[in-house]
A.B. asks: 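Sending over a structure as structure tokens; questions will come in a sec.
Any value given below was found using the heavy atoms of this structure, including those in side chains, with hydrogens, waters and symmetry copies removed. Numbers restart at 1 for each chain; the letters A, B, ... are given by sequence-line order, proteins then strands.
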2 protein chains.
Amino acid sequence: MSSNPLAVREHGPRYLWIREQLVRMILDGGFKGGAPLPPEGQLARHFGVALGTLRKAIDELVARKIVERVQGKGLFVAAYDTQAAMRLFRIVDASGVKQLPNFDRVLGIRTRAAGANERLRLGLARDEKVVELRRTRTFADGAVMLESICLPGSRFADFKARLGTQRPVLLYDFYEQEYGVRIVGVESRLRAVSATADDAKEMGLRAGHPLLEVERVAFELDARPVELRTTLCDTTEGRHYLDVPG
Amino acid sequence: MSSNPLAVREHGPRYLWIREQLVRMILDGGFKGGAPLPPEGQLARHFGVALGTLRKAIDELVARKIVERVQGKGLFVAAYDTQAAMRLFRIVDASGVKQLPNFDRVLGIRTRAAGANERLRLGLARDEKVVELRRTRTFADGAVMLESICLPGSRFADFKARLGTQRPVLLYDFYEQEYGVRIVGVESRLRAVSATADDAKEMGLRAGHPLLEVERVAFELDARPVELRTTLCDTTEGRHYLDVPG
DNA sequence: AAGTGGTCTAGACCACCGT
DNA sequence: CGGTGGTCTAGACCACTTT
């Protein structure tokens, strides 16, 4: 159905056009993470192109981790399993092993006016508010991270109530389940800072202790920024941030 | 010539086999950065495969930034132009612009026994020595970075004399010209540390100032580590390390 | 056995670059 | 103009998964 093989379309390679159609299909078609997509042959007929062309479009979505191929089974919308989280979370312990820290304690959830940096990074309008969640996370060895998470208030209504008593390790799962927000990419800025008295108290360190500050912006499929997360982490015991450029 | 289309070869897709042949061709064939490769049609005939298969092999090398395609002109071995350097160098100034800091001053070049970390990261034998270059680099705004660069002595003979009075901003160019060593990938570990008295003096800061320490290992085409570089950078004036996962 | 993705072929035509 | 890479086709056969 629909199809319409050689419609008006012009400008640009067909596989790029198909790639965008597929993104919209996933976004608007109610495909959740892990959901199966139609088989390649069917998609090729639907778009009226050869299999090779359709595959080239899929290849790019696979490279972007938006779609997964499983031989003999089919195509699937990529899910936020632990593996994906591992790809975004880059702090590694002394033995070189990535280990997701627990969601330890909520320090506060509040809605407030956005600061200049939050407006910039999240692309907010002048008067838009943000929801801020402050929490601690702990590693297996007991080390504590301090995290502040800012979300655009307009898209995360009723955040405190919906989070309730949940303490999800992967907030991105929560965003998807509760708000239909799929994170597909991040961009991080790293700095070294000194622990303030408050930081130090919360993390069990002395004031002035050097901390790695990771400011991470998370993006949706359509490249809109949806989360600004600032993490403070002690990196003096072998723990470090690992960067392996693609 | 040679060719030998359907030789013993088995196990594994052909395009992977061809990809490895191409890597060896570049490594052993004396192709310098920027050198043109034979056209796709010729390579396809040489390996005895269809154009599409050859292109799939090339696609992977292009993705790894080992080969470049230029429409209408041909294939080229990727060069270390400033753009490639920008991809590896990830420190961004306050305005968000990447700017390569100058090679400011040599603090010392010496050959010495390798420490435990150097042996680990560079995969050195027990008794192998390293050449260490210590230098400062300065940004346009005057900020200073402190850098220690360790190389396996066995592969960088006569380093001090060959460097002479050169002050290349891109050491990787120097490695390629003088030693035929092509860097194609890096892996960085980041920590926050406190400036020692010596660091502080060299960088014009007070002791205890928080510094971002970037420990970067550079790899050759065949994945051998060839350089361990430790950089200390002041990140309190808006300067930061930018990480955009592929 | 039927259905899926993975590899491979042997062409075609287009867009771009140099002479 | 001829040569190059870029796109696209319409098939073929293989490897894997499920029924």
A.B. asks: Respond yes when some side-chain nitrogen or oxygen of A:K73 is under 4.0 Å from OP1 or OP2 of D:dT18, and no when none is.
C.D. replies: yes
A.B. asks: Compute whether any side-chain donor of one residue and acceptor of the other, for B:T231 and B:E147, lie under 3.5 angstrom apart.
C.D. replies: yes
A.B. asks: What residues, two or more places apart in sequence or in another chain, satisfy side-chain hydrogen bond (donor to acceptor under 3.5 Å, both in side chains) together with B:Q71?
C.D. replies: none
A.B. asks: Give me the ring orientation class for B:F156 and B:Y175: parallel if the planes are under 30° apart, tilted from 30 to 60°, perpendicular past 60°.
C.D. replies: perpendicular
A.B. asks: To the nearest 0.5 Å, what is the distance between CZ (B:R191) and SG (A:C233)?
C.D. replies: 11.5 Å
A.B. asks: Examine B:F174 together with B:F159 and report whether their ring centres are nearer than 6.0 Å.
C.D. replies: yes
A.B. asks: Ring centroids only, cut at 6.0 angstrom: are A:Y241 and B:Y241 within range, meaning strictly under it?
C.D. replies: no
A.B. asks: What heavy-atom pair brings A:K32 and A:V77 nearest, and what distance separates the two atoms?
C.D. replies: O-CB, 3.6 Å
A.B. asks: Please write out the pairs of protein N or O atoms and N or O atoms of nucleotides 6-9 of chain D separated by less than 3.5 Å, giving the distance to one decimal.
C.D. replies:
| residue | atom | partner | partner atom | Å |
| --- | --- | --- | --- | --- |
| D:dG6 | OP2 | B:R55 | NH1 | 3.2 |
| D:dG6 | OP2 | B:R55 | NH2 | 3.3 |
| D:dG6 | OP2 | B:R69 | NE | 3.3 |
| D:dG6 | OP2 | B:R69 | NH1 | 3.2 |
| D:dG6 | O4' | B:Q71 | NE2 | 3.3 |
| D:dT7 | OP1 | A:Y15 | OH | 2.9 |
| D:dT7 | OP2 | A:K56 | NZ | 3.0 |
| D:dC8 | OP1 | A:R14 | N | 2.3 |
| D:dC8 | OP2 | A:R14 | N | 3.3 |
| D:dC8 | OP2 | A:Y15 | N | 3.3 |
| D:dT9 | OP2 | A:A50 | N | 2.8 |
| D:dT9 | OP2 | A:T53 | OG1 | 2.4 |

A.B. asks: Any ion pair linking B:E187 and B:R121 (charged N to carboxylate O, less than 4.0 Å)?
C.D. replies: no
A.B. asks: What integer distance in Å separates B:E68:CD from D:dT4:P?
C.D. replies: 18 Å
A.B. asks: Please report, rounded to the nearest Å, how far the P atom of C:dC17 is from the CZ atom of B:F76.
C.D. replies: 12 Å
A.B. asks: Under a 3.5 Å cutoff on both atom distances, Watson-Crick or G-U, what's the dot-bracket for DNA chain C ([ ] crossing, | other strand)?
C.D. replies: |||||||||||||||||..
